[in-house]
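Single-structure report; data block below.
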Amino acid sequence: MSLVVDDSCVESLPAISSQHNDWIIQRAIALLEQRIFKAGPFLSQPQAVKDYLRLKLVAEPNEVFAIVFMNSQHRVLAYEPMFRGTLDSSAVYPRVVVQRALELNAGAVIFAHQHPSGSTEPSSADRHLTERLRAALSLIDVRVLDHIIVGQGTPFSFAEAGLM
């Protein structure tokens, strides 16, 4: 943007300021559109999802509960490690998960966490948590597509095991 300033006319300053403000507003709108309509990758291959989550979580020394937030067409909006825990547990709060899903305007999610022990078998607490989160998110029409547990070897998929 280029502005021509006439130093001899002080009255032209409000017009210049208005033009500058209009330019800032237009740039802000363009940036917001890029953020809102940013097209992330589609998550259509379960093995690719498990591989990605394994790379993100396997090296963590303590349990991390992460969520992949997606729009209704399953394009990734964000991957976020939401909660960090200890060697064998992590406190996960459904209210926080619901709030973040609403903030991102998510239509679907995939949960993931790792077991630092290496075991990929879901515990009864893992199963219970998945159900609690699924119930909470269903109230706001967000689908839970899977819950992946990363450990040593092949990650465990709740969906592939028929637990979703």
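Both backbone and side-chain heavy atoms feed into the values below; hydrogens, waters and symmetry mates do not.
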Item to check | Distance, nearest 0.5 Å, that separates OG of Ser124 from CG of Leu129 | outcome: 11.0 Å
Checklist entry - Is Glu63 salt-bridged to Arg84, cutoff N-O under 4.0 Å? => result no
Item to check | Pair Val109-Leu137, side-chain contact (heavy atoms from CB on, under 4.5 Å): steps then yes or no | outcome: CA-CA 9 Å; Val109 295; Leu137 289 167; 3.8 Å; yes
Checklist entry - Looking at side-chain heavy atoms only, is the closest gap between Gln114 and Ile149 below 4.5 Å? => result no
Item to check | Test side-chain contact (heavy atoms from CB on, under 4.5 Å) applied to Val76 and Val68, step by step | outcome: CA-CA 7 Å; Val76 174; Val68 178; 4.2 Å; yes
Next on the checklist: Tell me whether Gln152 at atom CD has more than 12 heavy atoms from other residues, nucleotides or ligands lying less than 6.0 Å away.
Outcome noted: no
Checklist outcome for this item: For Gly151 and Thr120 the tightest heavy-atom approach is N-CG2, 3.4 Å
Next on the checklist: Using the rule given for side-chain hydrogen bond (donor to acceptor under 3.5 Å, both in side chains), can you reason through Ser157 versus Asp146, listing the C-alpha separation, both sets of side-chain angles and the distance that settles it, and then say yes or no?
Outcome noted: CA-CA 7 Å; Ser157 163; Asp146 205 347; 2.6 Å; yes
Item to check | Test applied, side chain to side chain contact (heavy atoms under 4.5 Å, CB included); reference residue, Val150; option that passes from Lys56, Arg54, His115, Glu60 | outcome: Arg54
Item to check | Val64 versus Pro81, closest heavy-atom pair with distance | outcome: CG1-CB, 3.8 Å
Checklist entry - Can you find a heavy atom in the side chain of Val98 that is under 4.5 Å from one in the side chain of Leu139? => result no
Checklist entry - Does any non-hydrogen side-chain atom of Leu133 lie less than 4.5 Å from one of Phe65? => result yes
Checklist entry - Any idea how Phe158 and His147 line up, ring-wise: parallel (<30°), tilted (30 to 60°), or perpendicular (>60°)? => result parallel
Item to check | Arg143, CZ: over 12 other non-hydrogen atoms inside 6.0 angstrom | outcome: no
Next on the checklist: How long is the straight-line distance from CG of Leu55 back to NZ of Lys50, given to the nearest 0.5 Å?
Outcome noted: 13.5 Å
Checklist entry - Any chance the rings of Phe156 and His113 have centres within less than 6.0 Å? => result no
Checklist entry - Given the side-chain rings of Tyr79 and Phe69, with only the six-membered ring counted for Trp, is the space between their centroids under 6.0 Å? => result no
Checklist entry - Does the side chain of Ile67 come within less than 4.5 Å of Val97's, by heavy atoms? => result yes
Checklist entry - Step by step, would you call Asp51 with Gln47 a side-chain hydrogen bond (donor to acceptor under 3.5 Å, both in side chains)? => result CA-CA 6 Å; Asp51 290 344; Gln47 188 58 48; 2.8 Å; yes
Checklist entry - Are the side chains of Met70 and Leu145 in touch, meaning some heavy atoms are under 4.5 Å apart? => result yes
Checklist outcome for this item: Note: Val142 and Ala101 closest approach over all heavy atoms is CG2-CB, 4.4 Å
Checklist entry - Within the side chain of Ser138, is there an N or O that forms a donor-acceptor pair under 3.5 Å with the backbone of Asp141? => result no
Item to check | Backbone N/O of Ser123 and side chain of Asp126: donor-acceptor pair under 3.5 Å | outcome: yes
Checklist entry - Of all heavy-atom pairs between Ala112 and Leu57, which one has the smallest distance, and what is that distance? => result CB-CD1, 3.8 Å
Checklist outcome for this item: Between the CG atom in Leu77 and the CG atom in Asn105, the distance rounded to the nearest 0.5 Å is 8.0 Å
Checklist entry - Are side-chain heavy atoms of Leu163 and Thr130 found at a separation under 4.5 Å? => result no
Checklist outcome for this item: Between the CE atom in Met164 and the CD1 atom in Ile110, the distance rounded to the nearest 0.5 Å is 9.5 Å
